[in-house]
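Data first, discussion second: the structure below is written as structure tokens.
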2 protein chains.
Amino acid sequence: MGRGKIVIRRIDNSTSRQVTFSKRRNGIFKKAKELGILCDAEVGLVIFSSTGRLYEYASSSMKSVIDRYGRAKEEQQLVANPNSELKVRWSGEVGVHRGGWLHHNSPIHDELYSPFFSSFSPDLSKFSHCPNH
Amino acid sequence: MGRGKIVIRRIDNSTSRQVTFSKRRNGIFKKAKELGILCDAEVGLVIFSSTGRLYEYASSSMKSVIDRYGRAKEEQQLVANPNSELKVRWSGEVGVHRGGWLHHNSPIHDELYSPFFSSFSPDLSKFSHCPNH
DNA sequence: AGGGCTATCTATAACCG
DNA sequence: TCGGTTATAGATAGCCC
């Protein structure tokens with residue numbers, strides 16, 4: 001999408017890389033927003049530049065996205081291990097497995113995602129910034 | 001980018017919304033990959049369709065991205081509250097604040113991001129799927 | 001380094017089988 | 001409902017300040 005076709009490989013020139021990063025970052029944030037609105041989807045996007053700077057966008061809030069992600073992952077595990085289909089209580093409290101009961105038939109069950117996502121602070125929104133309006 | 005211009009607003013027709021979701025989801029995943037490669041960035045993208053299904057992409061791993069996100073957020077908080085610039089220990093252990101010492105001068109400090117990110121299971125990669133090759 | 005400006009390349013909306 | 005196809009809208013690479 002430019003005056004010339006490019007190959008997708010790391011841009012060596014640091015300045016060019018920075019410029020491209022800035023332009024494409026804006027582009028992908030726009031796409032993420034459009035997808036969320038058009039398709040009624042929940043979208044979370046996290047980008048760290050090569051200099052380590054954080055850029056983020058979430059159609060709802062990053063907390064919500066990560067929280068939901070953790071729950072979805074846990075469900076995937078249960079589906080992948082039907083024999084461990086026992087109730088897992090989602091208390092929404094801070095902590096790991098606390099108060100919940102997990103089945104230990106599955107060898108990977110000890111490494112289950114935990115409800116720690118829920119410990120995100122509601123106040124963190126004040127630190128969020130969306131580079132694309 | 002199609003036969004006609006569209007307005008960015010929720011697509012009412014369920015079928016059209018699904019079709020657009022599928023196409024644009026592939027598009028944004030491609031963009032995310034390109035950005036990561038071209039600009040040497042770490043990218044994490046999480047999408048929940050309107051039907052609740054999870055789609056994800058991470059240039060490294062989602063665990064890495066979320067983990068780093070949590071740390072970056074904590075740093076942002078420290079920057080936002082210079083007077084609370086005391087050491088926070090990142091143990092990498094499961095739990096909240098456990099073993100770490102947090103300063104309580106700041107009113108928002110009790111709601112600090114915690115090192116719980118590090119409790120992600122390395123095995124979760126086997127459940128990841130990237131819809132866009 | 002930053003902010004525009006197009007020529008071009010891409011993504012995709014509308015179609016079609 | 002579902003993949004392909006194609007005309008167009010949109011994103012952006014290379015330039016210029």
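All figures in this text were calculated on a predicted structure; none of them were measured in a lab. Note on naming: letters A, B, ... go to the chains in the order of the sequence lines (proteins, then strands), and numbering restarts at 1 for each one.
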Do [X] and [Y] have side chains that get closer than 4.5 Å, going by heavy atoms?
| X | Y | result |
| --- | --- | --- |
| A:Y55 | A:L45 | no |
| B:I28 | B:K30 | no |
| A:F21 | B:D40 | no |
| B:R25 | A:K31 | no |

[N] base / [X] side chain donor-acceptor hit below 3.5 Å:
| X | N | value |
| --- | --- | --- |
| B:R3 | D:dT6 | yes |
| A:K30 | D:dG10 | no |
| A:K23 | D:dA13 | yes |

Nearest whole Å is fine: how far is [N] [atom2] from [X] [atom1]?
| X | N | atom1 | atom2 | answer |
| --- | --- | --- | --- | --- |
| B:I6 | C:dT12 | CD1 | P | 9 Å |
| B:F21 | C:dA11 | CZ | C1' | 16 Å |
| B:M1 | D:dT5 | CE | P | 20 Å |
| B:R17 | D:dT1 | CZ | C1' | 16 Å |
| A:I28 | C:dT10 | CD1 | P | 16 Å |
| A:E34 | D:dA11 | CD | P | 6 Å |
| A:I8 | D:dA11 | CD1 | C1' | 13 Å |
| A:N13 | D:dC15 | CG | C1' | 15 Å |

At under 4.0 Å, does any side-chain N or O of A:T20 touch on OP1 or OP2 of D:dA13?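 A:T20 to D:dA13 OP1/OP2: side-chain N or O found under 4.0 Å.
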
Does a nitrogen or oxygen in the side chain of A:K31 sit under 4.0 Å from OP1 or OP2 of D:dG10? no

Between A:G4 and B:G2, just flag the one whose closest nucleotide in DNA chain D comes earlier from the 5' side.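 Upstream on the strand: B:G2.
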
Contact nearer the 5' end of DNA chain C, comparing A:Q18 with B:K5: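 The answer here is A:Q18.
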
Hey, does B:S16 reach any base, or is it just sugar-phosphate, or nothing, if we go heavy atoms under 4.0 Å? nothing

B:R53 NZ/CZ over B:F48 ring centroid, <6.0 Å and within 45° of normal: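 Output no; distance or angle outside limits.
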
